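These notes concern the structure reproduced below.
Nothing here was measured: the structure is a model prediction, and the numbers come from that model. In what follows, chains are A, B, ... by sequence order, proteins preceding strands, each numbered from 1.
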Amino acid sequence: MWIETKTEMEEASRTRASFSRRVLNGLLLCSGDMEHLDKYIKDKSFVLQLAVCGLRGVTRVILANNPLSGGLILAALYWASPWQGLLGTLGVLASTLTAVITGQDSVEVAGGHHGFNGMLVSLLMGVYSSAGDWYWWLLLPVFLGSATCVFLFSGLSSFLDRWDLPAAVFPFNIIIILYLLCTGPEHPYFPHHSIKPPGALEPNATKLIALQVIRGIPLGVGQIFACGDLGPSLLILGAVFLYSPLLAVHALLGSTVGTLTGLSMAVRHESLYSGLSGFNGALGCMAVGGFFILSLWTHLFAIASAFFSAYADIALSNLMGTVGLPACSWAATLVATLMLLLTGSLAAYRIPTGQVRAPERNLQLRSQWEAGNTEERESADV
Amino acid sequence: MWIETKTEMEEASRTRASFSRRVLNGLLLCSGDMEHLDKYIKDKSFVLQLAVCGLRGVTRVILANNPLSGGLILAALYWASPWQGLLGTLGVLASTLTAVITGQDSVEVAGGHHGFNGMLVSLLMGVYSSAGDWYWWLLLPVFLGSATCVFLFSGLSSFLDRWDLPAAVFPFNIIIILYLLCTGPEHPYFPHHSIKPPGALEPNATKLIALQVIRGIPLGVGQIFACGDLGPSLLILGAVFLYSPLLAVHALLGSTVGTLTGLSMAVRHESLYSGLSGFNGALGCMAVGGFFILSLWTHLFAIASAFFSAYADIALSNLMGTVGLPACSWAATLVATLMLLLTGSLAAYRIPTGQVRAPERNLQLRSQWEAGNTEERESADV
Amino acid sequence: MWIETKTEMEEASRTRASFSRRVLNGLLLCSGDMEHLDKYIKDKSFVLQLAVCGLRGVTRVILANNPLSGGLILAALYWASPWQGLLGTLGVLASTLTAVITGQDSVEVAGGHHGFNGMLVSLLMGVYSSAGDWYWWLLLPVFLGSATCVFLFSGLSSFLDRWDLPAAVFPFNIIIILYLLCTGPEHPYFPHHSIKPPGALEPNATKLIALQVIRGIPLGVGQIFACGDLGPSLLILGAVFLYSPLLAVHALLGSTVGTLTGLSMAVRHESLYSGLSGFNGALGCMAVGGFFILSLWTHLFAIASAFFSAYADIALSNLMGTVGLPACSWAATLVATLMLLLTGSLAAYRIPTGQVRAPERNLQLRSQWEAGNTEERESADV
């Protein structure tokens with residue numbers, strides 16, 4: 001009896017172990033860049049392919065590339081506001097389809113590179129519109145704006161390619177500024193809220209509430225998608241975690257740095273509470289965390305980048321606020337571009353733009369890309 | 001008798017046919033880039049050469065290159081206002097001579113590449129000046145501004161050459177903005193009109209007059225040369241038609257698109273009536289029509305480019321209007337530059353900057369430049 | 001007796017001649033780039049090396065490269081205001097050390113290329129601060145700002161390197177603008193003076209005093225280091241003269257041109273008296289004088305560059321003044337960059353960025369660098 005029982009227990013434990021190993025494997029399969037999925041859907045229908053590259057596009061905003069994370073983020077947006085979720089979906093579809101029609105590089109399209117700018121443009125148009133939710137005329141600028149992003153992305157990529165720089169979210173930043181300039185707070189068709197610079201003086205300032213400030217840190221991650229609710233923001237953070245735990249840590253760290261920066265510059269309380277102080281820091285931090293191989297050195301640079309992004313955001317917000325414009329993610333995009341151009345010790349850790357994967361995978365592939373990098377340099381020297 | 005009569009009639013008809021053929025041939029000789037003229041004037045006097053390259057420069061503004069069109073345009077300007085005509089003439093001469101003195105590439109100078117920016121600067125200085133016509137002191141900034149355009153053109157060309165982009169009218173746009181910033185509405189020596197952004201609210205807005213709006217479409221072509229009268233504008237359009245009927249169609253189409261854009265964004269009525277809404281659209285449309293080989297595909301892109309230019313113009317005008325500046329042709333120039341950078345299906349139709357001729361001739365030379373293009377690419381790859 | 005006396009006299013005269021020759025030799029050793037010093041201090045302590053490359057950095061602002069001149073300039077700053085002197089010293093040290101820590105190219109660091117932007121940022125933060133001297137909290141932004149300059153310098157250098165352009169004082173100009181935007185006149189921690197544009201109307205304008213305007217010319221050289229006192233300004237001019245008499249002549253000439261420009265545009269009197277009208281002209285003139293081999297031709301270009309810089313400065317000051325920002329040295333930096341890009345006859349005189357020495361030495365080395373230039377071009381063509 002004893003022997004049998006022992007065997008049974010051993011078997012049960014083995015089953016449990018194998019079950020949790022299978023769960024872990026499943027999770028690992030769903031994590032990272034999910035390159036195996038591309039092989040699987042290669043001969044599937046166009047709609048499925050479009051859905052996958054759209055969802056990849058959704059995650060490109062936060063430097064991730066994982067359709068499941070994209071689904072989670074979309075779910076978070078629908079949770080926060082169904083109208084915003086719809087706008088985001090339409091935006092990512094409109095720009096991806098425009099890219100297909102205008103014959104952009106199919107590998108880029110499949111990787112979601114042409115979706116994320118359109119999505120951001122749509123989301124921000126929705127957020128700034130003062131015509132309320134379900135104002136269907138807004139779909140007109142949403143479609144046009146998202147489609148135009150493809151042109152800007154393609155043109156800017158050609159331009160920046162000389163320095164192996166990505167076009168990043170420059171197209172979104174340009175289009176949304178042009179849209180807001182075209183219309184205006186009193187526009188008869190597309191009115192929008194007027195934007196207050198973070199440095200604006202508060203006539204009846206109250207005491208700062210520490211808990212609200214801390215709440216602003218995860219909100220800073222949500223604000224990347226113009227989402228100001230705690231639940232959806234945490235879901236977005238979870239989506240980043242699914243793609244890469246390291247990136248999620250960088251996001252939180254950057255948002256914290258951004259909030260600290262806001263405190264040091266005494267910005268408006270609302271800016272701190274809503275997470276708007278944090279999101280440029282988060283993006284700046286993630287950019288270094290994502291485009292460089294992790295080490296103590298790059299980690300310090302990521303923090304420096306977060307600080308620089310956050311300060312530059314306050315400066316640009318104050319400048320653009322004088323003409324009633326938001327600074328969007330100009331600061332983080334410019335700082336990240338600068339970081340990618342750096343020479344010195346940081347340059348040795350840089351991953352060529354086309355070879356960037358999830359940070360964990362970058363660490364694994366280090367030796368591999370280093371070899372590739374040397375070859376590339378050699379071919380560039382010729 | 002009958003036989004004789006028949007012969008006479010045949011002869012008469014033959015003479016008529018040969019006459020109309022000769023007229024057509026003569027027209028064809030005067031149309032297009034008139035490259036045969038260069039051989040003819042090669043050993044003529046400097047003054048004649050200067051006149052021809054000055055007139056070529058006049059047409060470069062509208063992406064044409066034909067001394068007769070240049071003469072027609074100058075005539076239109078003198079017709080609209082003799083003072084403006086004089087300023088334009090002086091501007092094109094000042095900058096062309098500066099280019100000769102500073103030793104710029106002689107082929108470029110002969111092609112009129114150094115004249116058009118100076119001309120635009122002079123015209124716009126005259127238009128914005130509130131000191132009235134025949135204010136001779138204005139010649140001082142006109143000469144200085146036109147001469148400086150050469151430096152900017154040369155420097156920007158070196159910069160943009162990496163992407164095979166032309167410096168276009170960037171020098172004009174920069175110099176006129178600097179000039180307007182230097183002076184100001186209340187300047188003691190060079191006062192200028194204050195500029196109203198197109199999105200400015202009209203306190204006592206009247207009903208829109210359809211006929212006036214339609215009249216604004218040809219005016220949009222004239223506004224490229226800061227000319228707001230119908231007759232001269234039609235003459236300018238005729239000059240474009242002489243160079244290339246296709247380009248003239250693009251100009252009218254672009255101006256129509258620009259006016260539609262202005263309507264959709266509810267700009268000030270004056271902006272629509274005067275053609276100011278249309279001219280950026282016209283330029284954006286002509287740029288794609290001129291720098292790309294005509295096809296259904298590029299035609300659609302030309303319309304998209306016109307829309308984008310016109311919207312960007314409204315946005316930039318609203319932005320720059322906050323500090324009392326006009327947006328000039330910044331929008332069209334930036335959008336055209338972006339279009340030239342595009343990858344995807346449009347890129348295959350692009351003509352290398354140095355090989356651009358009249359659209360009709362580009363169609364003819366297609367096979368020829370494609371061969372040249374391949375060679376060039378090969379040499380660039382080495 | 002007579003013979004002896006004669007011999008004595010001859011000896012005395014020989015001694016005098018040899019003494020003055022030795023003095024002259026000593027002066028010549030202290031003049032120019034002092035490259036011999038680098039060999040001497042190569043194996044000395046880190047602190048001495050840091051001091052030398054810091055002092056070289058101080059002179060880089062005015063396109064010089066001589067530690068003794070650097071010492072004189074620092075002395076002038078301490079003379080004008082000990083607090084400003086301290087800020088300048090800390091700025092140059094902070095950015096040089098940051099460059100060492102972040103592993104920038106050691107030859108560049110030793111040449112002082114990473115010091116001058118940090119120094120300018122610190123000086124200007126001090127000048128604009130309205131919290132008064134010895135406000136120790138200011139050291140926080142001084143350190144951060146100076147350190148950030150290294151990142152900007154490194155990134156911009158990578159970017160501009162494609163055209164063999166130097167990053168020059170772009171990092172300083174960017175950082176100081178961001179700092180001023182971040183804070184503001186009413187900032188609780190770092191308040192600063194509000195800046196008046198030079199074109200602002202003066203309600204009770206008095207008659208212009210010619211002597212004060214002439215006094216503004218040497219002050220224009222001092223204003224490069226934000227120093228507005230005559231004595232220290234003259235000492236700074238002397239420091240430039242020690243490095244290169246030709247550069248000093250260009251500085252004075254440029255400042256004169258700038259002042260004339262200010263007069264022609266009727267700027268505020270204070271702007272003329274304080275030398276603020278002159279310093280962009282001086283920088284623009286020195287840039288052409290320093291980066292091109294001297295000839296009649298380049299001399300004329302240097303004057304043109306001074307005029308263009310000064311007019312552009314008035315324009316940019318008026319523009320940036322509308323949001324309460326100073327134009328710093330944006331105008332001169334942009335114009336100098338443009339001049340370096342020029343094609344035509346000027347291009348033949350250009351010295352490759354890495355081979356620039358004192359103007360006198362450039363003249364000597366002409367044949368040498370021309371040979372080098374040809375080689376470089378050949379290697380670039382391959």
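Once rounded to the nearest 0.5 Å, the distance linking CG of Leu276(A) with CG of Leu219(A) reads 9.0 Å.
The most heavy-atom pairs under 4.5 Å with chain A, out of Thr102(C), Thr183(C), Val323(C), come from Thr102(C). When Ile314(A), Thr322(A), Leu319(A) are compared by the number of non-hydrogen pairs under 4.5 Å with chain C, Leu319(A) comes out ahead. Of the listed residues (Ala99(C), Ser157(C), Pro188(C), Cys182(C)), the one with the most heavy-atom contacts under 4.5 Å to chain A is Cys182(C).
Contact of Phe153(C) with chain A is not made at all, since no heavy-atom distance falls under 4.5 Å. With a 4.5 angstrom heavy-atom cutoff, Ser264(A) touches chain C only via backbone atoms. Neither the backbone nor the side chain of Leu140(C) comes within less than 4.5 Å of any heavy atom of chain A. No part of Phe307(A) comes within reach of chain C, as not one of its non-hydrogen atoms sits under 4.5 angstrom from that chain. Proximity to chain A is absent for every atom of Ile174(C), based on heavy atoms less than 4.5 angstrom apart. With a 4.5 Å cut-off on non-hydrogen atoms, Tyr311(A) touches chain C through its backbone and its side chain both. Contacts between Tyr189(C) and chain A at a heavy-atom distance below 4.5 Å involve the side chain alone, from C-beta outward.
For Asn117(C) (side chain) and Cys149(C) (main-chain N/O), no donor-acceptor pair under 3.5 Å exists by modelled atom type. Remark: the backbone N or O of Asp133(C) is not paired with any side-chain donor or acceptor of Trp83(C) at under 3.5 angstrom. Ser271(A) places no side-chain N or O within donor-acceptor distance of the main-chain N or O of Val267(A), the cut-off being under 3.5 Å. Although no hydrogens or angles enter the test, the distance criterion places a donor-acceptor pair under 3.5 Å between the side chain of Asn280(A) and the main chain of Ala332(A). Although no hydrogens or angles enter the test, the distance criterion places a donor-acceptor pair under 3.5 Å between the side chain of Asn173(C) and the main chain of Val169(C).
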Checklist entry - Can you check ring pair (Phe, Tyr, Trp, His ring centres under 6.0 Å) on Trp163(A) and Phe159(C), steps first, answer last? => result CA-CA 7 Å; Trp163(A) 297 272; Phe159(C) 188 86; 4.1 Å; yes

